[in-house]
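Okay, structure first, notes after.
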Amino acid sequence: MTTETIKMKGSDAIKLAIEEEMERDESVFIMGEDIGQYGGAFSVTAGLLERFGPERVRDTPISENAILGCAVGAAMAGMRPIAEVMFADFLCVCMEMIVNQAAKARYMYGGQVNVPVTIRVPFGTGIMGAAQHSQSFESWFMHVPGLKIVLPSDASDFKGLMKTAIRDNDPVMFFEHKRTYYYTNEVPLDKEFMIPFGQARKFTEGDDVTIVATGAMVQESIIAANKLKEENIQCEVIDPRTLVPLDKKTILGSIEKTGKLVIVDEGCKTCSVSAEIAALVAEEGFQYLKRNIVRINTPDVPIPYAPNLEREIIPSAKLIQNQVKNLI
Amino acid sequence: MTTETIKMKGSDAIKLAIEEEMERDESVFIMGEDIGQYGGAFSVTAGLLERFGPERVRDTPISENAILGCAVGAAMAGMRPIAEVMFADFLCVCMEMIVNQAAKARYMYGGQVNVPVTIRVPFGTGIMGAAQHSQSFESWFMHVPGLKIVLPSDASDFKGLMKTAIRDNDPVMFFEHKRTYYYTNEVPLDKEFMIPFGQARKFTEGDDVTIVATGAMVQESIIAANKLKEENIQCEVIDPRTLVPLDKKTILGSIEKTGKLVIVDEGCKTCSVSAEIAALVAEEGFQYLKRNIVRINTPDVPIPYAPNLEREIIPSAKLIQNQVKNLI
Amino acid sequence: MNSDELPKEWSSEESINIYKKMLMIREFETRITKDAGKIKSPLVHPYTGEEAIAVGACAAINEEDYITSTHRGHGHFIAKDGDVNLLMAEIYGKEGGICKGRGGSMHVADFSKNMLGANGIVGAGPPLALGVALASKMRNEGKVVLTFFGDGASNQGMLHESMNLAATWKLPVIFILENNKYGWSTPAQTATAVEDLSLRAQGYGIKGVIVDGNDVIEVYKSTKEAVDLARKGGGSTLIECKTFRWQGQTTTDADKYRSNEEKEEWKKRCPIEIYKKRLIRGEIIDQTMIKEIEEKTLEQVELSVKFSKKSKKPDTGTVLDDIYKNPIDIGGN
Amino acid sequence: MNSDELPKEWSSEESINIYKKMLMIREFETRITKDAGKIKSPLVHPYTGEEAIAVGACAAINEEDYITSTHRGHGHFIAKDGDVNLLMAEIYGKEGGICKGRGGSMHVADFSKNMLGANGIVGAGPPLALGVALASKMRNEGKVVLTFFGDGASNQGMLHESMNLAATWKLPVIFILENNKYGWSTPAQTATAVEDLSLRAQGYGIKGVIVDGNDVIEVYKSTKEAVDLARKGGGSTLIECKTFRWQGQTTTDADKYRSNEEKEEWKKRCPIEIYKKRLIRGEIIDQTMIKEIEEKTLEQVELSVKFSKKSKKPDTGTVLDDIYKNPIDIGGN
Ligand SMILES: Cc1ncc(C[n+]2csc(CCOP(=O)(O)OP(=O)(O)O)c2C)c(N)n1
Ligand SMILES: Cc1ncc(C[n+]2csc(CCOP(=O)(O)OP(=O)(O)O)c2C)c(N)n1
Ligand SMILES: [Mg+2]
Ligand SMILES: [Mg+2]
């Protein structure tokens, strides 16, 4: 074991995790569109083909159902595949293998089979992707029993959670916000550095307001919290890191202290992750609440192409700051 | 205009609406698997082939993407197609045409095109359908801007809302709970009987508790409310009828009076319709709330086959009754 | 191919076993149809009339080889040596069922036999078969996968993607198309413009063959050839088996969309009768044995019903088990 | 087919117009590549090198006929007589764009010209084309639909379902396969085991043909034949156009996965040069006209950039417009 860390960006931390696990366990392999020589649309897998060869780094046709089906089937047969869906938006062409097969196989076959597959999904706005290359669909999968849902927000979490995902015996949806690929922080080099599922991370401490945020919204929330601190408003920024299982305890514990909850989530508002967290707190933490819950989301609109329009609708540190102040 | 009504079951009311609209407007036609001679898996379209012929009642291959794509394309070209997805569970093989195409076309093409398609989706438990023939996916579509979501709970609403859906100029997801096909009530024969979207329906009046329920859960809630009345607990049972647009006003108005909210929804709990309604009230109706919000849902489990297991997890009148009493 | 002769590699015992399995499927389906009122599920799809396909194809593979199945999976389950008691109890929705009553008819599976499950989604088996085949290939295990699907399923996009990937990666998957001329009520010619769906194989660069799906020996031989090719690394084959289902789509389907003439015509070509005659001609069995096998089969079916009735309903306290390998906190009431 | 000769039905003006359109596409794509830094989107896919397909195919249909497009849609837009100013402004993300800056490069559409939109989802155009064709058929309008898609898209399940339905219902849809040998970075032979994807047509019962996608006349003639067939109710055709894209996958792609030799080889077969030579041989144009057309084209492109730069950014106050025909109350902050 080493306690060494190195500063790297999110995408490299994911690669490091995959590389270590492929080295450690022969049953781990990756597949997807343009992930080999090209290194993936976001360069996450660059270099892995050279390192592990085409048997374990598999470029596929543009056949998302076949990719996912192949991964899920291989997992049923005891492999530990990692499949990439190039953009979350393309989940729309391959829900079947995830929702009706991977998620349900264990239960509907009476516990006979494990499905240790990891499905990597770059998602979110920030690259002028417009309506079909910018979406956030993680709440859909929270609604599907049998899946685990991971959504890290920085490089060290990417590494620690990816390793846990690969070793997990259930199907894991691993959501990667495109903007967070470029965020850098110190990443442990320990090859056994694993972050358990179901443990939220608290970025700041404070008594005034609890901010629960995911993905790229975590950074925005931290910036907002730091600004608010200057005005003597103390916020706790909490990143659940895994949405299933969800660390209710940390969230509720914080609200017990602050009495106020703001949720920041890039998904379109209705039936988004923020809805579930708000509902959970309205059910189980109502007694702590001193104010109405505030959800900050992208409004219910397809993502527009023009950068100024996109900026207008995506929650920003500024908006969070204002909403927190309004609440107080 | 006639004020006559006739008692009929849900599935026949849907057929009546479709029949009337096909008669009225040549651009209306229906397509789907086994909907012609066979009359559909739930006999909703029985007899329409004989009446309107194979050009307007189209049996298709088992190609859900082609069915949906064909319907959406025809709508773009000015027709008013009604497409059937035989079981909601099969939405997993054809999300693409709904989510990335129908829902977004108008916005992403800058308002150039209308997509007046109606997508009929039988859903829910009650026929020993197990994990892949019993699901409730309506919350997924609430999360997709550009769609309208209809979910009637009895025959008269089926008729009035189906007619509105067909004449609507935006894509409409029309969810039909299998159990409600068999519920009968008085259905207006007026050919212009249309129920506007965005208007909830109140089944019972009361000052004690607001119960918001959808689909088959409406009946269960009414039964519970009637029982509770005997114990002098007065509930308002509200069926939103359309989830997008959602009649916030009626829901919030009721909670202003009762201060207590129970939501009953057959979808698996996490990120279900109940999450959105709870979140909405925690945001906009917090000041009225005297108690924590209660969500009654199917737990997060794939639907089991054995009837006793299925009964165990699906919310029942009895469970609602108990939960309401616990709340008071 | 002369399918009148029994394959040389079959011992008498094996030849008889083939017969027993086909008969078992027939009697099993007959019984669940009779018991439909007790079983209650409207989504139980009998395999009657198609027995030769599952049995012939599975005769060409080993225990370690895999199969994926369809919504019409009882025949595949029995052909892959699944236990009839556990199958019946599953359809009866009992604790003693192969999936503990969670799955029911459309999800019968026996992973200990590498029978990877019936599937309620038309066309969903083949993509999964790819992965199982890939796993075998990557581990150099030499195992093959048979993936069964229908004429209706052929028009699903997932089939296209699966055949293309199998062909491109030369995966040891054999596509067994059960062309029974109907997808539910829809005649194949309403669903596609070609008569022979095996024609599609060439568009992927694999071999496509047509066999008489009511001739268990023909099915066996074609599958064997495909299996040998796949084991040698030669990749995939599409085998189109022409057949017909005798009953309605489900045990409760009124089946008004097919003419009596068509049904009678096909019943004359009963796969079990055809094969039985051959066994008699080859002096493998005689009337006494036939009688004995029939009785034994009926008895086993009867026992499986008894087993199912005696088996308890699943304990409702376990309804949330088996969702995850290690339980996590889930949303509930 | 002797494509050296201009089609008899083309007037000189028409013949020249074909040339102008191809050149316009070329210069347009060259310009947006140059302006990539200003445009900023990493998802802009140039059509350079494939001009003959869009222009040749669209020359075979009328204004009332429809097309659906792909992620690489500028060429189709221009070929279907779309306005270059509105196209450029859209890619620049401006209010004056054809989609008011909502769609961008991957969603350019001109419904007034029955150009039903570029599409960011690979393989999503063909299913939509079915419906447009069906509408035309049901209303007896005699309109046809060209649906463009790539070699990569061919392996999408949606293509399979679309071709099968088009064939079965004899819909007036023509499938135009732009086989440029790569899906993003992936060579076609990594994605499929067959050389000619048009082979798949027979599996659906439609005609499949292969044409030189760099020869605008060949593309035109094949499309014309398919269009005539479709208008007569003869149904669908699959036309595989062999071609090559000259630039990277996007305006910012480093394009390291293709060899220089391969690129240079294909550049020798420039569709615009090939056609220009024919026009000269046919004495339809001379060097003066060529010069003039080139200048005019560059000027138009320049003007479109000016138009785009002058066009305002979309008003952020309108960001929630156009989601529904009649606005409803939506979730927001
Ligand atoms: C994706 C999907 N679409 C539709 C259905 C409903 N369905 C169940 S069986 C069936 C017919 C299947 O036909 P085929 O593949 O020929 O198999 P067969 O029933 O003839 O054995 C249909 C339409 C389904 N289960 N899954
Ligand atoms: C369903 C889907 N999968 C993947 C992508 C990402 N993607 C965009 S273009 C492309 C390559 C398409 O190849 P092809 O169809 O041959 O068209 P070409 O780019 O060569 O014109 C890919 C993989 C997508 N947009 N949609
Ligand atoms: Mg069939
Ligand atoms: Mg290509």
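Nothing here was measured: the structure is a model prediction, and the numbers come from that model. Every chain is numbered from 1 and lettered A, B, ... according to where its sequence line falls, protein lines coming before strand lines.
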Worksheet item: With only heavy atoms counted, which part of C:Val319 is less than 4.5 Å from chain B, the side chain, the backbone, both or neither?
Response: both

Worksheet entry | For chain B, the option from C:Gly332, C:Ser185, C:Ala153, C:Gly93 that forms the most heavy-atom pairs under 4.5 Å | C:Ser185

Worksheet, complete the sentence: Max heavy-atom pairs within cutoff under 4.5 Å with chain C, candidates B:Ile313, B:Asp59, B:Ile127, B:Thr60, goes to B:Ile127

Item to complete: Check whether B:Val294 gets within reach of chain C through its side chain, its backbone, both or neither, counting any heavy atom under 4.5 Å.
Response: neither

Worksheet, complete the sentence: Under 4.5 Å to a heavy atom of chain C? For B:Gln323 that would be side chain

Worksheet item: Where does C:Ile323 contact chain B at under 4.5 Å (heavy atoms): side chain, backbone, both or neither?
Response: side chain

Discussion item. Would you say CD of C:Glu195 has more than 12 non-hydrogen atoms from neighbouring residues, nucleotides or ligands within 6.0 angstrom?
Written reply: no

Response to the item:
Bottom line for B:Asn65: the part with an atom under 4.5 Å from chain C's heavy atoms is neither

Discussion item. Heavy-atom pairs under 4.5 Å with chain C - which of B:Thr270, B:Asp89, B:Ile296, B:Ile303 has more of them than the others?
Written reply: B:Ile296

Practice prompt. Count the heavy atoms of every other residue, nucleotide or ligand shown that sit under 6.0 Å from NZ of C:Lys113, and state whether that count exceeds 12.
Written response: yes

Worksheet, complete the sentence: From the list C:Asp329, C:Ile328, C:Ile330, side chain to side chain contact (heavy atoms under 4.5 Å, CB included) with B:Asp300 holds only for C:Ile330

Worksheet, complete the sentence: Looking only at C:Gly123, C:Gly103, C:Gly183, most heavy-atom pairs under 4.5 Å shared with chain B are made by C:Gly103

Discussion item. Between B:Asn308 (side chain only) and C:Pro314 (backbone N and O only), is there a donor and an acceptor less than 3.5 Å apart?
Written reply: yes

Worksheet item: In terms of heavy-atom pairs under 4.5 Å with chain B, which of C:Thr192, C:Asp151, C:Asp253 leads?
Response: C:Asp253

Worksheet item: Heavy-atom count around C:Lys309 NZ within 6.0 Å, excluding the residue itself: above 12?
Response: yes

Worksheet item: Of the backbone (N, CA, C, O) and the side chain (C-beta and beyond), which part of C:Leu159 lies under 4.5 Å from a heavy atom of chain B, both, or neither?
Response: neither

Worksheet, complete the sentence: Tightest non-hydrogen contact, residues B:Ala130 and C:His107, listed as CB-CD2, 3.9 Å

Worksheet item: Quick one: of C:Val44, C:Thr316, C:Leu43, C:Asp315, who has the most non-hydrogen atom pairs under 4.5 Å with chain B?
Response: C:Thr316

Fill in: Distance-only side-chain donor-acceptor flag, B:Ser63 / C:Asn155, under 3.5 Å
no

Practice prompt. Heavy-atom distances under 4.5 Å only: say whether C:Ile121 touches chain B with side chain, backbone, both or neither.
Written response: both

Worksheet item: Does the side-chain contact (heavy atoms from CB on, under 4.5 Å) test come out yes or no for C:Asn119 and B:Gln132, once each step is laid out?
Response: CA-CA 8 Å; C:Asn119 208 309; B:Gln132 296 173 335; 3.2 Å; yes

Discussion item. Looking only at heavy atoms and a cut-off of under 4.5 Å, which of C:Ser105, C:Gly120, C:Ala254 has the most pairs with chain B?
Written reply: C:Gly120

Discussion item. For C:Arg102 versus B:Leu309, what's the shortest heavy-atom pair and its separation?
Written reply: NH1-CD1, 3.6 Å

Item to complete: Could you check which of C:Gln249, C:Lys100, C:Glu95, C:Met106 has the highest count of heavy-atom pairs closer than 4.5 Å to chain B?
Response: C:Met106

Fill in: Heavy-atom contact with chain B under 4.5 Å, split by part of C:Lys256
backbone

Worksheet, complete the sentence: What one should report as the nearest heavy-atom pair of B:Pro299 and C:Leu320 is CB-CD2, 4.2 Å

Discussion item. Looking at B:Tyr305 and C:Ile91, would you say the former's side chain and the latter's main chain have a donor-acceptor pair under 3.5 Å?
Written reply: yes

